[in-house]
Structure formats: structure tokens, C-alpha cells
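First up is the structure itself, then whatever we jot down about it.
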2 protein chains.
Amino acid sequence: MIKNQMRMTHQRDIILRQLRKSTAHPTADELYEQIKKKLPRISLATVYRNLEILSTAGLIKKLEISGRRKRFDGELRRHHHVYCLLCHRVDNIDLGQEENFQFLPAKAGGYRITGCRIEFFGICPDCKKKLKETKKMGCKKCGNETLNDQQQQILKTLAQSATACGSKDIAAAVKLEPKQISSQLTTLKKKGYVASPVRCKYEITEAGKSAIA
Amino acid sequence: MIKNQMRMTHQRDIILRQLRKSTAHPTADELYEQIKKKLPRISLATVYRNLEILSTAGLIKKLEISGRRKRFDGELRRHHHVYCLLCHRVDNIDLGQEENFQFLPAKAGGYRITGCRIEFFGICPDCKKKLKETKKMGCKKCGNETLNDQQQQILKTLAQSATACGSKDIAAAVKLEPKQISSQLTTLKKKGYVASPVRCKYEITEAGKSAIA
DNA sequence: GTTGACATGGTAATAATTATCAAATACAAA
DNA sequence: TTTGTATTTGATAATTATTACCATGTCAAC
Ligand SMILES: [Mn+2]
Ligand SMILES: [Mn+2]
Ligand SMILES: [Zn+2]
Ligand SMILES: [Zn+2]
């Protein structure tokens with residue numbers, strides 16, 4: 001094996017320590033802001049550079065989940081993540097007994113598979129709270145965004161269905177006139193809370209799920 | 001009363017059809033290149049805009065895997081993906097009987113979980129083949145003296161240009177990742193075959209010219 | 001102490017995406 | 001069929017995140 005030529009500079013050391021100190025999976029920029037308190041003269045480029053070097057050396061892990069910004073993890077143990085669709089924070093997740101289960105696809109399509117990543121997504125506790133408060137508030141501006149009782153019932157019904165529903169299916173669960181349901185579905189579709197994969201079939205979108213969270 | 005109906009414009013329709021035509025998970029840019037053949041006057045912005053609108057409407061899916069570029073999928077059925085660590089292509093993957101299995105974490109850490117994504121990664125068939133060829137080509141020791149295919153291509157491109165080129169100019173002529181080009185340029189510069197008269201601009205040297213003579 | 005590989009801070013450049021805006025278009029109402 | 005107008009488009013500017021560059025600095029080996 002070739003000797004690792006990497007020097008452990010003061011900056012590199014601080015970056016590594018800071019990453020290991022929490023389980024917050026910071027971006028390069030977030031880390032830079034934290035580290036500036038200890039090393040006010042450090043450059044953002046140094047942070048980027050060292051995160052790259054440290055992850056190539058296998059001392060940290062680079063996460064490429066949930067959007068365009070890379071995040072970094074000081075925890076090397078095999079584990080998986082959840083991220084919030086609204087604020088994009090990333091947390092570790094416990095898969096229980098499945099934790100060490102290695103998925104292997106039936107057909108690899110000719111690929112040589114070297115790994116597998118399992119990611120969950122949803123709404124984090126903080127954002128759940130914020131959503132509740134926003135709903136309570138009910139300001140005029142948000143009026144366009146707030147849902148009436150009928151709409152909420154329909155969304156909840158759709159959320160429980162694995163497949164797309166027709167208005168008949170919804171009528172079975174929600175005691176409303178078919179005409180009403182159809183009208184509300186149209187409104188919900190406009191707001192982006194339901195989608196129609198096929199004519200006359202409706203399903204809830206991610207936005208819809210967060211609207212009733 | 002604000003009406004917010006999505007119009008099915010010609011551009012939007014073509015984009016949707018093109019996406020559904022293959023299982024290649026193109027990026028906005030790749031799709032743009034394909035569509036330009038049918039609609040030469042379409043704007044890249046229109047492609048980006050419509051991909052966003054179509055995915056919000058639930059007519060297509062947005063994939064945020066493997067790096068910084070978003071990819072899009074016309075297939076709405078629940079399925080998962082493999083991607084190549086080297087060339088970043090994305091393919092569908094068959095999970096066999098597990099396909100519809102919904103992972104649920106033991107502890108959600110307070111999150112309201114709305115979904116789960118399973119991603120495999122590895123080396124695609126094409127890249128496997130290329131790796132084999134590269135191995136055959138030459139020993140690492142000789143690497144210092146001989147030029148590989150990429151380096152020769154780059155040098156030839158530079159030789160044909162009257163003015164200094166940016167890596168973008170080279171990328172237009174040589175089908176390679178910008179990172180690759182940049183890396184090879186650095187190597188070539190060290191060897192004295194290219195010079196950099198201005199930042200990020202490169203030109204061939206006399207030594208470089210004789211190297212490809 | 002000289003040498004030379006590796007690092008750093010400051011900044012420019014790049015890549016991918018998003019925003020802006022005047023002009024074109026789709027489409028519902030007249 | 002014509003018309004009014006909100007939506008959409010193409011062109012381009014701006015933004016975001018990351019990477020490249022370079023002059024200068026550090027340090028360990030000769
Ligand atoms: Mn983690
Ligand atoms: Mn797919
Ligand atoms: Zn959140
Ligand atoms: Zn590949």
C-alpha cells in the first residue's frame with residue numbers, strides 16, 4: 001500500500017473534529033460557518049478541499065442526498081438517513097433488525113454493484129410544528145393555501161390509498177356528493193396537492209402529504 | 001377567482017412524449033439536446049420550466065440521485081434505480097419479490113415518513129469494458145512518459161486552435177467529463193506539453209506539438 | 001540551510017439551475 | 001370566429017454550489 005501523504009494540518013484537524021462532534025451532516029458552507037469561530041482566517045476553499053481529501057482518504061463520508069448540496073458525515077459505521085422535504089435537514093435513522101440487511105437486486109442489468117443506499121424522506125419534527133402553527137394562523141394571504149374540511153378529508157383518504165383513486169372510491173370513504181368531490185379534487189389539483197396520473201384517477205402528492213401533516 | 005390551469009403546449013407535449021419514449025432518465029440538458037432535433041427553436045429554460053411543472057403535476061418524476069444534476073423519469077410506477085459511479089448513467093433496477101416491500105424504520109426520530117428510496121450504485125457494463133481496455137493499454141510506470149488517449153485527443157484539439165482554449169472549448173470537441181479534461185490538462189501542463197497563458201485558458205507548447213507529431 | 005512536495009487564503013471560473021421580461025400563444029368567453 | 005387575457009415562451013441575466021488557480025506559506029527530508 002502506498003503511504004498516505006496527507007499531512008494533518010491544523011485546519012484539517014479542526015474540520016475533522018468538528019464533523020465528528022455532531023450527527024448533523026453539515027454542508028461545506030455550514031461547517032465553514034461553525035469553524036470560522038475557531039479559525040476566523042480559514043478559507044471556504046480550504047473547507048471544501050479538505051472535505052474532499054478526508055472523504056477520499058476514508059476518514060469521513062460524503063453524502064449526496066436530497067438536492068444539490070453535498071453533506072458530510074463523521075460517522076463511518078454503516079447506517080442510513082432520513083431527510084426533511086421542507087427544510088432539507090438530514091438525520092440518521094435506525095432500521096432495527098434490518099440494519100445490516102444487504103439488499104441484492106434480482107437482476108443487476110449488467111452492473112457490477114458495489115453498494116446500496118436506503119433513504120427515507122418526510123417531514124421533520126420542527127417543520128411539523130411550523131405547519132401546525134401556519135394552519136392555526138389562517139392569514140388572508142395564506143387563504144389560498146388553507147384547506148377546508150372537505151379538502152382535508154379527501155386528502156386524508158387519498159393518503160391512505162396505495163393506488164390512484166376515482167371519485168367513487170373517495171365517495172365511499174367521505175360522505176359527500178360526487179359533484180362536490182370532483183370539484184374539490186380540481187381545486188386540490190390546482191394547488192398541487194393531488195395529481196392525476198390517469199384520467200379521472202387521483203393520488204396525493206408530496207406537497208399534499210405535508211399539507212395534512 | 002384565480003385560474004391556474006396548465007396548458008398543454010406543443011413544447012410541453014413533446015417533452016412529455018420524449019421522456020416517456022425511453023427509460024434513460026435524462027437530465028434537462030440531455031433532453032434539450034434530443035428535443036432540439038424536433039423543435040430547433042426551443043429554449044433550455046423551457047425544458048427546465050416544463051420538467052418542473054410536469055413533475056409538480058405528477059405527470060413525471062424528478063430523480064435527485066448521484067450528484068448535482070437532476071434527472072427525470074417518465075415511468076410513474078414505483079421502482080428503484082442503479083447508477084454508475086464512473087459515468088453517472090442511471091438505470092431502472094428490478095428488486096424481484098421485494099419490489100413492493102415498504103421499508104419502515106424502527107424509530108423515525110420524530111419524522112413523519114412519507115417515503116423511502118432505494119439506490120444501488122456500481123460500475124455499468126460500458127465502464128467495465130473501458131476499464132479493462134485501460135488496464136491492457138499500459139503500465140502505471142510508463143504513464144509518466146506516454147500519453148493516454150484522452151491526453152492525445154486534448155493535445156490534438158489544442159493544436160487545431162489558434163487561440164488559447166478553456167476546458168469548455170475542449171469539451172465541445174472531446175467527449176469527456178469536464179473534471180477529466182481539467183485533470184488531464186494539469187498532467188499535460190506538468191509534462192510541459194500545454195501552457196496556460198491566462199487563468200483557465202490553455203494552449204499547446206512546442207513540446208506538446210512534437211508529442212503528437 | 002536548501003529543496004520540493006504539499007497546503008492555504010483569496011479569488012476567478014465553471015456548472016446547473018432559477019429568475020426576469022418582452023413578445024407570442026392558447027383557450028375560454030363573447 | 002373573434003377577442004381578451006392569463007399563461008407560456010425564448011433569450012438572457014442572476015444565483016448557487018463547487019472547483020480551479022496561483023502566489024505564498026509550511027514542514028520534513030536531504
Ligand atoms: Mn449519518
Ligand atoms: Mn426509472
Ligand atoms: Zn424540516
Ligand atoms: Zn458507466
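Proteins come first, then strands; the chains are lettered A, B, ... in the order of their sequence lines, and each starts at number 1. The analysis underlying the following values was restricted to heavy atoms, covering all of them including side chains, and did not include hydrogens, waters or symmetry mates.
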- Message: Whole angstroms only, please: what is the CZ-C1' distance between Arg68(B) and dT14(C)?
- Response: 11 Å
- For Ser22(B), side-chain contact (heavy atoms from CB on, under 4.5 Å) partners two or more places apart: Ala24(B)
- Item | salt bridge (charged side-chain N to carboxylate O under 4.0 Å, His left out) against Asp29(A), all qualifying residues, sequence neighbours excluded | none
- Let me know the distance between CG of Leu51(A) and P of dT18(D), rounded to the nearest Å. 10 Å
What nitrogen or oxygen pairs link the protein and nucleotides 9-16 of chain D at under 3.5 Å?
residue: dT9(D); atom: OP1; partner: Thr9(B); partner atom: OG1; Å: 2.9
residue: dT9(D); atom: OP1; partner: Asn50(B); partner atom: ND2; Å: 3.3
residue: dT9(D); atom: OP2; partner: Asn50(B); partner atom: ND2; Å: 3.3
residue: dT9(D); atom: O3'; partner: Gln11(B); partner atom: NE2; Å: 3.0
residue: dG10(D); atom: OP1; partner: Gln11(B); partner atom: NE2; Å: 3.3
residue: dG10(D); atom: OP1; partner: Arg41(B); partner atom: O; Å: 3.4
residue: dG10(D); atom: OP2; partner: Ser43(B); partner atom: N; Å: 3.2
residue: dG10(D); atom: OP2; partner: Thr46(B); partner atom: OG1; Å: 2.3
residue: dG10(D); atom: N7; partner: Arg49(B); partner atom: NH2; Å: 3.1
residue: dG10(D); atom: O6; partner: Arg49(B); partner atom: NH1; Å: 3.2
residue: dA11(D); atom: OP1; partner: Arg41(B); partner atom: NH2; Å: 3.1

- How many Å lie between CG on Leu63(A) and P on dA17(D), as a whole number? 17 Å
- Task: Round to the nearest Å and state the distance from Lys36(A) atom NZ to dG9(C) atom C1'.
- Result: 13 Å
- Task: Among residues two or more places apart or on two chains, list those pairs meeting ring pair (Phe, Tyr, Trp, His ring centres under 6.0 Å) that have a residue in residues 6-30 of chain A.
- Result: His25(A)-His81(A)
- Task: List for me each residue that meets side-chain hydrogen bond (donor to acceptor under 3.5 Å, both in side chains) alongside Thr46(A), sequence neighbours excluded, and say none if there are none.
- Result: Arg49(A)
- Over how many whole Å does the gap from Asp13(B) atom CG to dC27(C) atom P extend? 11 Å
- Are OP1 or OP2 of dT18(D) and a side-chain N or O of Tyr48(A) less than 4.0 angstrom apart? yes
- Task: Go through the structure and list residues passing salt bridge (charged side-chain N to carboxylate O under 4.0 Å, His left out) with Arg68(A), not counting sequence neighbours.
- Result: none
- Item | N or O in side chain of Lys70(A) less than 4.0 angstrom from dT19(D) OP1/OP2 | yes
- Between CG of Asp29(A) and P of dT19(D) the distance, given in whole Å, is 13 Å
- Task: To the nearest 0.5 Å, tell me how far Leu31(B) CG sits from Leu19(B) CG.
- Result: 5.0 Å
Name the pairs: protein N/O against N/O of nucleotides 22-25 of chain C, kept only if under 3.5 Å.
residue: dT25(C); atom: O2; partner: Arg7(B); partner atom: NH1; Å: 3.2

- Task: Not counting sequence neighbours, which residues clear side-chain contact (heavy atoms from CB on, under 4.5 Å) with Thr56(A)? List them please.
- Result: Glu52(A)
- Query: Which residues pass the side-chain contact (heavy atoms from CB on, under 4.5 Å) test with Lys37(B), sequence neighbours left out?
  - Reply: none
- Rounded to whole Å, CG of Leu39(A) lies from P of dG10(C) at a distance of 12 Å
- Item | Non-neighbouring partners of Tyr83(B) that pass ring-ring contact (aromatic ring centres under 6.0 Å, His included), sequence neighbours left out | Phe121(B)
- As a check of understanding: the bend across the helix from dG1(C)-dC30(D) to dA30(C)-dT1(D), end axes from five pairs, rounded to 10 degrees, works out to 20°
- Item | Salt bridge present between Asp13(B) and Arg17(B) (N-O < 4.0 angstrom) | yes
- Message: Show me the pairs that pass ring pair (Phe, Tyr, Trp, His ring centres under 6.0 Å) and involve residues 31-70 of chain A, at least two apart or across chains.
- Response: none
- Item | Interatomic distance where CD belongs to Glu30(A) and C1' belongs to dA17(D) [whole Å] | 13 Å
